[in-house]
Structure formats: C-alpha cells, structure tokens
Number of protein chains: 2
Amino acid sequence: MTDPSPAAGKPIRTAIADEDGIDFAIIELFFFAYRDFTSDPDQILAEYGFGRAHHRVLHFVNRRPGLTVAELLDVLKITKQSLARVLKQLIDTDHIVQVQGPRDRRQRELYPTAKGRALALALARPQSRRIRAALEDSGATERATIERFLEAMVNPELRAQIDIVPAQTSGKNHGDH
Amino acid sequence: MTDPSPAAGKPIRTAIADEDGIDFAIIELFFFAYRDFTSDPDQILAEYGFGRAHHRVLHFVNRRPGLTVAELLDVLKITKQSLARVLKQLIDTDHIVQVQGPRDRRQRELYPTAKGRALALALARPQSRRIRAALEDSGATERATIERFLEAMVNPELRAQIDIVPAQTSGKNHGDH
DNA sequence: GAAATTACGTCAATAGTACTGACATAATTC
DNA sequence: GAATTATGTCAGTACTATTGACGTAATTTC
C-alpha cells in the first residue's frame with residue numbers, strides 16, 4: 001500500500017543534477033530567496049488583515065502615483081476582478097485615494113495617502129534590509145551585476161514596465177511631475 | 001464618489017524613491033523577475049491540470065530522491081494538509097512513488113518515476129533557458145556573484161536547506177545529525 | 001445627436017493554495 | 001504496555017485568483 005502499485009513506474013533513486021544541462025542550482029536559490037524575501041512583509045501585512053496582493057498594489061501606487069486602474073492591472077498581470085476587492089479594501093482603510101482623471105474623467109488615478117505611504121515604507125524596510133545584507137555578503141561592488149541579472153530575467157517585451165519607474169540613481173526615465 | 005471622501009487623507013503625488021534609504025529598485029526587479037520566471041512552467045503545468053505547488057513538490061523530489069514527507073514539508077514551509085492533495089495527485093498520476101522507509105517503516109520515501117523525472121526536466125528547461133540568457137546578458141563571469149547574492153537572501157537559519165542539495169553524482173556529504 | 005467604444009465597478013460562480021484543528025493508524029521507542 | 005513519531009485524512013475556512021456577464025458614465029466616432 002505504501003509501496004508503489006504494480007502498474008506504477010519504478011522509483012528513480014538518482015538525484016536530478018545540473019549535468020542535464022539545466023541550472024537547478026539557481027532555480028532552487030531563486031525559490032528560496034523569494035520565499036524568504038516575501039516572508040518579511042507577510043508578517044506585517046497579517047496585522048492589518050492584508051495579504052500579498054495588497055502589498056503589490058500599495059507598492060506600485062506609491063512608486064507611480066496617479067496610475068490608473070488599467071495601468072495597474074497591466075503591471076500586476078491580474079484581472080480586474082482580482083484587483084477589485086483588494087483595491088476596495090485599501091481605499092476603505094484610507095491607504096489609497098482615487099482622483100478623477102483630469103483629461104479623461106472616466107479614469108481613476110490612484111494615489112497613496114500619508115497612511116498608505118507609511119505602510120508601503122514599513123513593508124519595504126525589512127526587504128531592503130535583507131537586500132542590503134545580501135549585497136554586503138556578496139561584495140558591495142556587485143550591485144550592478146545583480147540588477148542587470150534580475151532585469152534580464154524579465155520578459156523582454158515587459159521590460160518597459162521597469163523603465164516606467166520614478167527617478168532613481170539610474171539616469172533613464174521620463175520627467176515625472 | 002470617485003474623488004476622495006472628505007475624511008480621507010490627501011493624495012500624495014510624489015513617487016516614493018530610493019532616497020528614503022530603501023532599495024525599491026531591487027525590490028521591484030525581484031518581483032518582476034520572479035513573476036516571469038514562474039510564468040514559464042505555469043503554462044506547461046496548466047496542460048496537466050497542475051499548479052505551482054505540484055511543481056515545487058516535483059522539483060524537490062527529483063532533487064532529493066528518497067526524502068520523506070516530513071522533510072518535504074520542512075523545505076516547502078507548508079502544512080501537511082496543504083501538501084496532501086498535491087502529493088496525492090502526483091502519486092495518482094504516476095509522477096511520484098512512495099517507498100516504505102528501510103530503517104523506519106512508518107516513513108514514506110518519495111521518489112520520482114521516469115514520468116515524474118521527465119516532467120520535472122520539462123518544467124525546468126524554460127527556466128534554465130531564461131537564466132542562461134540572463135547570465136549571458138549580465139556577463140557570464142558573474143554567476144558566482146549572483147549565486148552568492150541569492151543565497152544571502154535566504155534566512156541564515158534556513159540556509160542549511162540549500163546545502164542539502166543532492167550529491168552531484170554520488171558521494172554525498174550527509175552530515176547526519 | 002445617436003451609436004459605439006472605453007474605463008471602471010460589480011455580481012455570481014469557481015478554482016488553487018494555503019490555513020487550523022481534530023482524529024486515525026501503524027510503527028517505533030521507552 | 002504506554003508514549004511517541006510519521007503519516008494520512010476529514011471538516012471547515014481564508015485568500016488570491018479565475019471567467020463571464022452586466023451596468024454606468026464618459027468619450028469618441030460617424
């Protein structure tokens with residue numbers, strides 16, 4: 001009963017390895033790294049009754065204040081219905097406000113409130129600490145390498161989403177106003 | 001109605017930025033990278049009616065053939081009940097077999113079948129391709145830097161999980177207890 | 001000015017992954 | 001024999017996500 005049924009395939013007892021030309025080492029590291037990376041804010045979010053979805057919305061609204069619902073959907077790659085509940089909760093709890101679009105009054109521009117800004121920072125803080133520690137461990141000069149690697153991991157056609165970020169150390173961006 | 005209610009906080013119109021001492025650049029890159037990294041296998045999994053959870057189980061059973069249910073739970077950081085359904089499906093579809101533990105017959109050692117090995121490879125292939133391309137983009141010599149960075153992103157007390165990776169071919173360093 | 005399109009919101013139903021708590025069984029250990 | 005351990009399973013719940021349908025208001029098109 002606990003042994004494989006007669007029809008079932010035989011157990012393979014050798015470990016899959018990088019020999020197969022596949023980079024299991026980094027695949028696995030990426031899994032572990034992301035697992036622990038998200039565990040930090042998850043704990044804070046739980047106190048608010050929020051989940052990871054709230055974090056993502058909060059993050060991008062703070063990064064790109066004034067983005068519309070449609071733009072947010074495009075960045076998150078989720079559906080309108082999935083966003084609806086999460087966004088409503090963030091608005092109801094006064095973390096995000098909607099402002100009627102100036103050009104097109106059908107649009108709702110999304111902005112963080114002071115409360116929403118504060119929460120976004122609180123969530124990012126432990127993640128940033130973890131990154132800083134990891135950068136130090138791996139030699140502080142290697143930041144550019146890691147940034148380039150992560151960017152290269154994103155689908156080329158979606159890399160535009162990254163460049164829309166607000167002004168930062170890197171030069172390229174549009175004049176946000 | 002679409003405007004902020006009187007009681008609500010005022011919209012903040014400036015973007016949050018790295019000035020706040022927080023590394024939003026890498027936080028965001030990590031999100032995008034992981035989003036697209038998981039999208040590759042997700043498409044294959046959908047054909048089987050499987051989800052991301054199946055992938056993770058399949059991955060680790062292939063990486064560490066013979067691991068027990070308890071060990072798997074510890075690596076994945078999920079509960080027994082969450083694993084149950086996923087593992088059952090993988091066993092029912094003949095991707096994984098259970099073998100009674102040799103020393104302790106209560107234990108079920110988990111092994112991939114040929115079918116399970118093939119699927120694990122198929123799922124890892126596009127991910128590995130993406131990693132290879134990203135490594136090339138960021139300069140092939142930088143692999144060690146990125147590996148160290150990702151490892152440093154994992155909680156120190158959980159880093160042991162990474163070292164349990166299989167012996168490449170044989171001769172494993174099984175630091176038993 | 002009427003019609004079509006767009007942006008957004010909402011309702012209903014469903015799925016996948018996770019959770020807690022409780023209980024059962026078999027094997028091992030004390 | 002009793003306690004503990006490894007595993008399996010049941011019931012109930014939560015969160016995030018899905019598709020499809022429909023409504024409303026604003027803009028665009030003809």
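The structure displayed is predicted, hence computed values, not measured ones. Each chain gets a letter, A, B and so on, in the order its sequence line appears, and its residues count up from 1.
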How does protein reach along nucleotides 3-16 of chain C, written 5' to 3' as B (base within reach of a heavy atom under 4.0 Å), S (only sugar-phosphate), or - (no contact)?
-> ---BSBBBB-----
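- Taking the six-membered ring where tryptophan is involved, the planes of B:Y34 and A:F30 are perpendicular, since the angle between them exceeds 60° and thus also 30°.
- Remark: P of D:dT9 and CG of B:D92 are 10 Å apart, rounded to the nearest angstrom.
- Taking 4.0 angstrom as the limit, B:R105 places none of its side-chain polar atoms (N or O) nearer than this to OP1 or OP2 of D:dT5.
- Rounded to an integer number of Å, the gap from CG of B:D74 to C1' of D:dA6 is 14 Å.
- The stretch residues 120-127 of chain A has no heavy atom under 4.0 Å from DNA chain D, so no residue of it qualifies as close.
- Counting to the nearest Å, the P atom of D:dT16 and the CG atom of A:D42 are 10 Å from each other.
- Between A:L110 and A:Q98, the closest side-chain pair of non-hydrogen atoms falls below 4.5 Å.
- Atom P of nucleotide D:dT16 and atom CG of A:L90 are separated by 10 Å, given to the nearest angstrom.
- At the phosphate of D:dT18, OP1 or OP2 sits under 4.0 Å from a side-chain N or O atom of A:S82.
- Rounding to the nearest 0.5 Å places CG of B:L72 at 10.5 Å from CZ of B:R56.
- The interatomic distance linking A:H55 (NE2) with D:dA17 (P) rounds to 13 Å, in whole Å.
- Distances shorter than 4.0 Å separate none of the side-chain N or O atoms of A:T79 from OP1 or OP2 on D:dA17.
- At its two ends the helix from C:dG1-D:dC30 to C:dC30-D:dG1 runs along axes set 20° apart, each axis drawn from five pairs and the angle rounded to 10°.
- In this structure, A:F37 has its ring center at least 6.0 angstrom away from the ring center of B:F149.
- The two atoms that bring A:R35 and B:V75 nearest to each other are NH1-O, 2.7 Å, heavy atoms only.
- Linking Ile, Leu, Val, Met, Phe, Trp and Tyr whenever their side-chain heavy atoms come within less than 4.5 Å leaves A:I12 and B:V99 in two separate clusters.
- Both A:I78 and A:R103 sit near DNA chain D, but only A:I78 has its closest nucleotide nearer the 5' end.
- Summarising the geometry, the separation between CD on A:Q100 and C1' on D:dA25 is reported as 10 Å, rounded to the nearest angstrom.
- For the pairing with A:L90, the side-chain contact (heavy atoms from CB on, under 4.5 Å) check across A:V97, A:V57, A:T113 returns one residue only, A:V57.
- The aromatic rings of B:H95 and B:F50 stand perpendicular to each other, their planes meeting at an angle above 60°, with 30° marking the opposite boundary.
- To the nearest 0.5 Å, atom OG1 of residue B:T145 and atom CZ of residue A:R143 are 14.0 Å apart.
- One interatomic measurement links the two molecules: CG of A:L45 to C1' of D:dT16, which rounds to 13 Å at whole-angstrom precision.
- Between B:Y48 and B:I44 the shortest side-chain heavy-atom distance falls below 4.5 Å.
- A donor-acceptor pair under 3.5 Å is absent between the side-chain atoms of A:R105 and the main chain of A:R103, judged by distance alone.
- Between the B:D36 side chain and the A:N155 main chain, a donor and an acceptor come within less than 3.5 Å of each other.
- Separating the CD1 atom of B:I96 from the C1' atom of D:dT7 is a distance of 16 Å, rounded to the nearest angstrom.
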